[in-house]
Structures are given as C-alpha cells and as structure tokens.
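Since the structure comes first, as structure tokens, the remarks are kept for the end.
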Amino acid sequence: MLQIEIDGKQIAVKQGATVMEAAHELGTYIPHFCYHKKLSIAANCRMCLVEVEKAPKPLPACATPVTDGMVVHTHSPKAKQAQEGVMEFLLINHPLDCPICDQGGECQLQDLAVGYGKSSSRYQEEKRSVVGKDMGPLVSAEEMSRCIHCTRCVRFTEEIAGMQEIAMANRGEFSEIMPFIGKAVETELSGNVIDLCPVGALTSKPFRYDARSWELSRRKTISAHDALGSNLIVQTKEHTVRRVLPLENEAVNECWISDRDRFAYEGLYHESRLKTPKIKHGGEWHEVDWPTALEYVRKTLDCIAKEDGKEQIGIWANPMNTVEELYLAKKLANGLGIKHFDTRLQQQDNRLTGRLKGAQWLGQSIEDLGNSDAVLVVGANLRKEQPLLTARLRRAAKSYMALSIIAGSKEELHMPLLAQEAVHPNEWAGRLKNLAQDLEQGVAASLKNAEKAAIVLGAEVQNHPDYAAVYAAAQELAAATGAVLGILPQAANSVGADILGVNSGNSIQEMLAQPKKAVLLLNVEPEIDVANGGKAVAVLKQAQSVMAFTPFESETLREVCDVMLPIAPFTETSGSFISMEGRVQSFHGVVKGFADSRPLWKVLRVLGNVFELEGFEFDSSEQVLKEAVNKEGLSEKLNNAADIQVQANQAAGQLVRVGGVGIYHTDPIVRRSAPLQATSHAQVPAARLHPNTLAALGLQDGASAQAGQGAERIRVTVVADAGLSENVVYLPLHTENAALGALMNTIELAGA
C-alpha cells in the first residue's frame with residue numbers, strides 16, 4: 001500500500017491507483033469532465049489539474065499515479081489558477097445558450113464554471129459553430145457546438161458497447177465528434193452516451209424540449225423488460241413518465257441501462273392504451289364500469305365451470321407480471337379449482353416439469369458470473385436477450401474470461417472469444433455430450449481447468465422442442481467440468497413464476513392442442529407473445545369466452561375476447577420482480593393510474609372477494625409479497641438440478657428457424673415505443689441462410705420467398721449469411737412474422 005496526503009488528509013491506496021481514485025476514496029472532490037470510473041483514462045480536458053509537491057507544474061489527477069509519500073493540494077492557489085485557466089479555455093467557443101439548453105439545470109459544465117471558473121471572459125472574438133449530426137432516432141446531436149471534446153462518448157462505444165461508432169475527426173479548432181459517415185449509432189446501449197455527456201451536446205431525442213430538469217420528480221423503480229433487474233430512476237411530470245435514467249447498482253446494472261429500458265416508456269401512453277373495461281355484446285364493444293365487468297367475469301367462469309367443468313378453463317400469464325400478481329392469480333385459480341395455468345409463453349418442451357429440484361435461475365450472482373474464468377453460452381442471442389449482461393461479459397472477455405459460444409448463428413458480439421460455433425439446433429445436445437466425453441480439448445478443457453466456470457443456456461435452448469435433451473446434456477457437461485449450470489430467464493419475473501410454482505396442469509402448447517372453453521389472458525398478446533401465434537389466435541377464436549387483463553387493446557384482442565379489463569403497467573403499480581440471480585426487488589408505482597386502469601393485483605384481490613373466496617383480504621402489495629415469498633428461504637428454492645435422462649432428437653437435414661425474439665418486440669410496452677421501433681434493430685427482418693442452404697433450396701441472395709410453418713405462410717426476403725449453420729433460417733420474431741409457427745421449429749422456404 002502507498003501513503004498519500006491530499007489536502008492534509010492521509011490515506012493508503014493500492015499500487016497503480018491514480019490521484020483521482022485516491023481522492024474519491026477519501027471523499028475529496030476534484031473537478032473533471034473526461035474522467036469516468038468505467039472508462040479508460042483520456043486526460044484530455046485537463047480540468048482535474050492539481051498541485052503535487054515537488055512537481056514543476058500542475059498535474060492531471062486522473063492520469064497521475066500515486067507514489068509513496070506524495071503530497072497533493074486540490075484547492076491551493078496554484079491548483080485553482082490552473083483550473084480557472086482550463087475553464088476559460090473550455091468556454092472560449094462554448095455557446096452561451098444556457099437559458100434554452102436541454103442540459104440546463106443538470107449541466108456539469110455549468111456547475112463547474114460557477115465553482116471553478118472566472119466571473120467574466122476575456123475572449124471577444126467570434127465563436128466557432130459546429131453543424132449538428134444525425135445519430136439516429138434515440139440520441140440527438142443537433143447542438144454539437146456545445147461539445148467540449150471530453151471523448152466520453154467515443155470511449156463508451158468502443159470499450160463498453162464494443163464497437164466504436166463515434167469518433168473525433170480533424171484536429172485543433174476543427175475537431176468534431178461525429179458518427180461514422182452515413183451511419184447512425186446502432187448499439188443497443190447507445191442512450192448511455194446521453195448520461196455521459198457533461199454538456200448539452202448529446203441529448204435524448206424523445207425527451208428533447210419535453211420538460212426542464214427542475215420540473216421533474218424522481219422515482220426509483222425496477223426494469224420490467226428483461227431478467228437482469230436493472231435499477232431505474234423514472235422522472236415524471238403531471239403524472240406521466242417523461243424520462244428514464246439509470247440508478248447505479250454495481251451488483252446489477254452498474255451505472256448503465258439498455259436502450260430498451262431507457263426508451264420503452266414512450267410506449268406507455270400509446271393510442272392503443274385501454275382506458276376503461278369493455279364487454280363485447282352482439283359483436284359490438286361497449287364500455288362498462290368495473291363492477292359490471294368483474295360480475296361478467298364471475299358469471300362467465302361460473303357458467304363454464306358448471307356446464308363444461310373446471311378442466312375447460314385455462315390461464316395464460318405473462319412472466320413479466322409481478323410476484324404479487326402471479327401469486328394472487330394462482331390463489332384465485334386454486335380457489336376456483338382451475339388447474340391449467342402457464343407462464344411459459346414460448347416454451348414447447350414440457351418434459352422438465354416435475355423433474356427440476358427447484359426454480360431455474362442463473363445459478364449464481366451476476367457479479368460471480370462476470371468474475372468467472374471460463375463461460376460457455378449455449379443458444380443465446382446475447383445482445384438481444386441481455387444487452388447489459390453482454391457488456392459485463394465483454395469487459396471480462398477482454399481481460400481474463402475464456403468465453404465460448406454455441407448457437408445456430410454467429411452473433412457479432414464485439415469481444416474476444418475462445419470459440420464461437422454455429423451448430424444446427426438438432427445437434428446441440430450431441431455437441432454438449434461430445435464435450436463432456438472429451439475434456440482435454442478446447443472448450444471443455446477451458447471449463448475443466450478454470451477455477452470458476454459456468455455454462456449458461458439462453459432463450460433458444462429454453463424454446464427448443466428438445467429442451468429436455470439439451471438441458472440434460474448441459475447438466476452432464478457441468479458435472480464433468482465442475483462448472484455452474486445456469487439459464488438466462490426470458491422475462492423480468494420468470495424466476496419468480498418458477499418459485500411460486502404457478503405453472504401447473506397443461507402447458508400453453510398443450511392447451512393449443514386441446515383447446516379450453518374459457519381462457520384468461522394476464523397481460524398476454526397471443527399473436528406474438530405465444531409460440532405458434534397464428535394457431536393461438538385460431539384456438540382463442542373458437543373459445544366460448546376469452547377474458548383479457550391488459551394495459552393495451554389490439555385488433556387481435558378485440559377479435560378474440562369478449563371482455564377486456566384495463567390493468568396498470570409496472571410504472572403505475574407497486575410490486576416485486578425476482579431477477580435472474582434470485583434477487584427480490586420491490587418497487588412502487590411512479591405515477592397515478594392512466595384513465596380507469598387498475599393494478600392487476602388489486603383486480604385479482606377484488607375478484608377473489610367477488611367469488612367469495614377466503615384469503616383475499618390484502619391492503620397492500622407488501623402484504624401479498626410477505627405471504628407469497630419467504631425471502632430468508634428463497635435460496636433453497638433456487639436449484640437448476642434436474643433428474644432427467646432423455647434421448648436427443650438427432651433428425652438431420654431439417655430446416656430449423658432460429659433468431660429469438662427481436663430485441664424491441666419482447667413485450668407490449670416495448671413494441672409500442674415509437675423511438676425504439678424506428679431503430680434498425682426493430683425493422684422487418686430478412687430470412688438469413690447459409691449460402692449452401694440457399695443454393696440447395698434454389699433461392700437467390702436478396703430474392704423474395706414464401707416462408708411457411710404449419711398452415712401459416714408469409715413473404716420474406718432471403719439473404720446469404722456464412723455465419724450460420726447449414727439448414728438454419730435466422731428469422732427473429734417480429735410483429736410482421738408473428739403469425740408463423742414457433743421459434744426453433746422446422747420451417748419451409750420456397751421461391752415466389
């Protein structure tokens with residue numbers, strides 16, 4: 001340890017620490033712009049100049065390593081003069097547009113100019129101006145004259161997002177920060193450059209001109225868009241969500257959030273938002289009050305239970321619903337004798353049910369996974385499924401982690417990999433078994449020889465028609481190598497649904513094969529949320545009654561339902577999610593309910609009372625959580641071990657669809673966010689195939705073709721992609737192709 005004195009205070013720091021880090025540890029603030037704890041050191045703003053005894057001139061605190069016995073002064077006349085001089089230079093060309101600047105009230109330059117600058121400028125010459133840039137639908141770079149060239153945005157895209165998409169062009173007074181010519185910023189983490197920008201040069205395009213920072217209220221919440229459980233700050237005004245920012249939590253999302261978490265709020269007030277309960281009568285929809293709607297639900301369920309039996313009622317629930325909502329739904333189902341309840345919307349293979357010793361989860365904490373020496377990921381589209389977890393893995397892979405990928409396609413991950421194999425999905429189980437039998441080669445050796453190793457199964461494994469076989473093979477490999485086996489859950493509360501044991505009776509796919517007379521949809525849009533969307537809609541059309549508890553109405557719901565009840569999204573209700581690492585995170589509603597919508601847990605509580613069931617006397621979601629989950633005993637319920645031995649389906653030559661769910665088509669809120677839908681990630685995908693597969697099918701690169709799964713047919717553009725396994729069609733789930741069959745199933749392609 002090295003001893004350093006800063007402003008008369010002594011502290012011991014590790015070898016290699018900088019003066020900035022030592023000051024931060026001591027609680028001493030040193031002004032800075034370019035320095036950021038998660039980015040490399042640039043030392044180009046010079047705002048952090050400090051006086052170091054025996055040094056001939058002020059030194060930048062961010063780039064000066066500590067030496068033993070060093071004495072530093074951060075507020076001495078010499079340091080202050082240096083800081084004032086730097087600030088004067090920074091303001092020479094900065095436009096004095098603070099009254100109209102989007103960053104006003106939360107501008108680092110503004111704050112430091114007051115604290116460390118001079119009261120007036122000696123500069124009289126004409127200021128330079130810089131033309132605004134187009135960085136896409138999420139990040140606004142209209143006011144680049146404000147840029148002070150700290151290069152935080154440049155370093156972020158290169159180091160955290162993985163691919164440099166922003167750079168500094170030219171030299172001297174002609175320097176400009178810009179995206180590469182003709183390109184938008186494409187990374188799924190692009191919004192973080194808005195937070196990093198210390199001035200008003202890069203701002204949120206959807207939030208531009210919407211409100212001033214001092215008009216906004218700040219509320220804490222948890223992301224409902226993936227299983228990471230990112231901590232968020234939601235800023236509100238007039239009871240509407242106006243902006244979403246990251247809340248720092250080093251163990252979960254560090255200080256970042258994905259664009260999906262940041263901009264999904266734009267879908268909350270979409271024109272399709274359901275305002276009041278509606279009942280269909282004589283083919284026409286009529287608005288009703290809540291008591292009428294709930295009485296309709298009671299009468300309908302009672303009638304079907306008496307006439308056709310309780311076996312003829314099913315519940316399809318979205319695993320992004322909170323713990324409290326799923327628990328009360330299960331309690332209601334038990335009270336009414338409804339046996340068929342499922343949250344596994346895209347899952348096809350039900351053979352693991354009853355064979356698992358606990359709830360499926362990541363198998364360890366997010367931090368522990370990031371600290372692993374070797375990791376094998378199977379069947380995941382990492383950047384789509386888990387953008388922030390991918391960034392954590394990227395940082396680890398750049399320094400110490402041996403990361404290997406087995407999937408149907410080679411995803412561009414922008415990180416060093418030990419191995420990346422494009423393997424046909426029908427061969428995944430066999431490939432894992434081969435690895436378990438030969439532990440001295442490549443991927444298996446890296447897992448076996450690592451001090452900490454992990455095998456992680458993505459959504460494509462979970463949605464695989466032969467999930468049980470792939471899971472059994474992965475478990476065998478984990479046992480042989482000593483690796484931790486984990487899965488990447490597909491929704492914010494998938495782990496919570498598993499812990500609550502809500503999945504009982506027939507799975508959704510079994511309910512499609514043996515249709516029910518009545519179906520309750522809890523925040524589910526069947527045409528896209530459920531595997532075999534086209535078949536799901538056809539089955540619901542034949543049902544006697546379909547009751548949707550939903551924040552939004554859609555053409556499909558209007559067609560298949562006879563009652564729609566408006567429920568609140570996560571921003572308008574209190575509740576809890578259990579993340580991929582088994583972390584229970586509770587939150588409160590950040591705004592009042594929209595129109596006549598109600599929190600689903602309250603609707604279910606009242607329904608319990610309407611049916612005169614016992615145990616529905618809850619006054620708060622906290623009471624429901626306490627009854628639903630014993631936090632102290634939670635770790636005992638998390639267990640990925642499965643008692644299963646199954647034979648893998650080795651059917652060769654089948655044309656199989658891969659690609660997962662599109663990154664901005666994962667849930668009803670995200671699908672309605674206009675800025676996210678304007679990005680390149682959300683555009684209608686082409687069907688990508690290996691050139692050999694294209695040739696075998698007699699198709700030309702760029703041609704139009706007919707894709708078919710089951711009875712459904714749609715038109716797609718086919719594109720050659722050598723990064724795919726042969727006999728694989730990469731076609732992510734999108735609203736335009738949702739009518740096709742399930743992901744990971746066989747698909748047909750024929751010429752126009």
Side-chain angles (χ1 to χ4, degrees), residues 316 342 344-350 379 381 384 407-409 424-428 458-467 470 490 507-515 524-542 556 559-560 649 651-662 665-666 671 683-690 693-694 696-699 703-719 721 724-752:
W316 303 0
D342 199 18
R344 297 160 296 185
L345 302 178
Q346 295 286 345
Q347 193 170 311
Q348 301 179 74
D349 186 357
N350 203 28
N381 293 285
K384 289 182 183 178
S409 62
H424 192 284
N426 289 355
E427 298 168 9
W428 288 354
E460 297 213 313
V461 173
Q462 297 162 56
N463 298 334
H464 199 298
D466 211 12
Y467 178 29
V470 182
Q490 296 184 62
S507 69
I508 290 177
Q509 292 305 306
E510 287 167 339
M511 287 190 246
L512 294 186
Q514 301 170 339
V524 172
E525 298 190 320
E527 71 275 21
I528 188 167
D529 286 333
V530 176
N532 287 314
K535 186 177 180 182
V537 172
V539 164
L540 293 176
K541 282 181 183 176
Q542 302 303 315
T556 302
E559 193 175 1
V560 303
N649 169 26
Q654 286 185 324
L655 197 61
V656 172
R657 178 188 177 190
V658 302
V661 179
H665 287 85
T666 50
R671 291 193 287 267
Q683 303 314 300
V684 179
R688 311 183 82 85
L689 298 92
H690 191 279
T693 309
L694 266 182
L697 293 171
L699 298 171
S704 177
Q706 191 177 69
Q709 284 184 274
E712 303 295 337
R713 294 287 183 273
I714 65 165
R715 302 211 66 75
V716 294
T717 301
V718 293
V719 176
D721 185 346
L724 292 168
S725 165
E726 290 190 32
N727 294 317
V728 157
V729 179
Y730 184 88
L731 185 62
L733 182 65
H734 185 282
T735 49
E736 294 298 314
N737 60 39
L740 281 174
L743 298 165
M744 307 305 295
N745 262 0
T746 55
I747 187 171
E748 300 168 10
L749 278 179

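- Distance check, rounded to the nearest 0.5 Å: CD of Glu748 to CG of Leu655 gives 9.0 Å.
- Among the candidates Val719, Leu697, Leu731, the single residue satisfying the side chain to side chain contact (heavy atoms under 4.5 Å, CB included) test with Leu689 is Leu697.
- Distance check, rounded to the nearest 0.5 Å: CZ of Arg688 to OG1 of Thr717 gives 11.0 Å.
- The distance from atom CE of Met744 to atom CD of Glu460, rounded to the nearest 0.5 Å, is 4.5 Å.
- Rounding to the nearest 0.5 Å places CD of Gln490 at 7.5 Å from CD of Gln347.
- Of the possible polar contacts, none joining the Gln706 side chain to the Gly751 backbone as a donor-acceptor pair under 3.5 Å is found.
- The only member of His734, His665, Glu525 that meets side chain to side chain donor-acceptor pair (under 3.5 Å) when paired with Arg671 is Glu525.
- Applying the side chain to side chain contact (heavy atoms under 4.5 Å, CB included) test between Pro425 and each of Asn463, Val728, Val461 identifies Val728 as the sole match.
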>> Please determine whether side-chain contact (heavy atoms from CB on, under 4.5 Å) holds for the pair Gln509 and Asn532, giving the CA-CA distance in whole Å, both sets of side-chain angles, and the decisive distance to 0.1 Å.
In response: CA-CA 8 Å; Gln509 292 305 306; Asn532 287 314; 3.0 Å; yes
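- Under the 3.5 Å distance criterion, the side-chain polar atoms of Glu559 are left unmatched by any main-chain donor or acceptor of Lys541.
- Of all heavy-atom pairs spanning Trp428 and Gly408, the tightest one is CZ2-N, 3.4 Å.
- Among all heavy-atom pairs drawn from Pro526 and Ala536, the shortest one is O-CB, 4.1 Å.
- Residue Asn745 is tested with Arg657, Gln348, His464 for a side chain to side chain donor-acceptor pair (under 3.5 Å); the sole match is Gln348.
- Atom CD1 of residue Ile528 and atom CG of residue Leu733 lie 4.5 Å apart, to the nearest 0.5 angstrom.
- The two residues Leu512 and Ala531 have their closest heavy-atom pair at CD1-O, 3.9 Å.
- Distance alone, capped at 3.5 Å, is enough to place a donor-acceptor pair between the Gln709 side chain and the Ala742 backbone.
- Here the side chain of His424 pairs a donor or acceptor atom with the backbone of Asn727 at under 3.5 angstrom.
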>> Apply side-chain contact (heavy atoms from CB on, under 4.5 Å) to residues Asp721 and Tyr730 and explain how you reach the verdict.
In response: CA-CA 9 Å; Asp721 185 346; Tyr730 184 88; 5.9 Å; no
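- Salt-bridge annotation for Glu712 and Lys535: absent, with no side-chain N of the basic residue lying under 4.0 Å from a carboxylate O of the acidic one.
- Within the model, atoms OG of Ser507 and CG of Leu345 stand 11.0 Å from one another, a figure rounded to the nearest 0.5 Å.
- Side-chain N or O atoms of Asp342 include one that pairs as donor or acceptor with a backbone N or O of Ile508 at under 3.5 Å.
- Annotation: side chain of Val658 is not in contact with side chain of Asn381 (no heavy-atom distance under 4.5 Å).
- Nearest heavy atom pair, residue Val729 against residue Ala687, reads CG1-CB, 3.9 Å.
- Of all heavy-atom pairs between Ile747 and Val656, the closest is CG2-C, 4.1 Å.
- When all heavy atoms are compared, the tightest approach of Ala707 to Leu740 is O-CD2, 3.8 Å.
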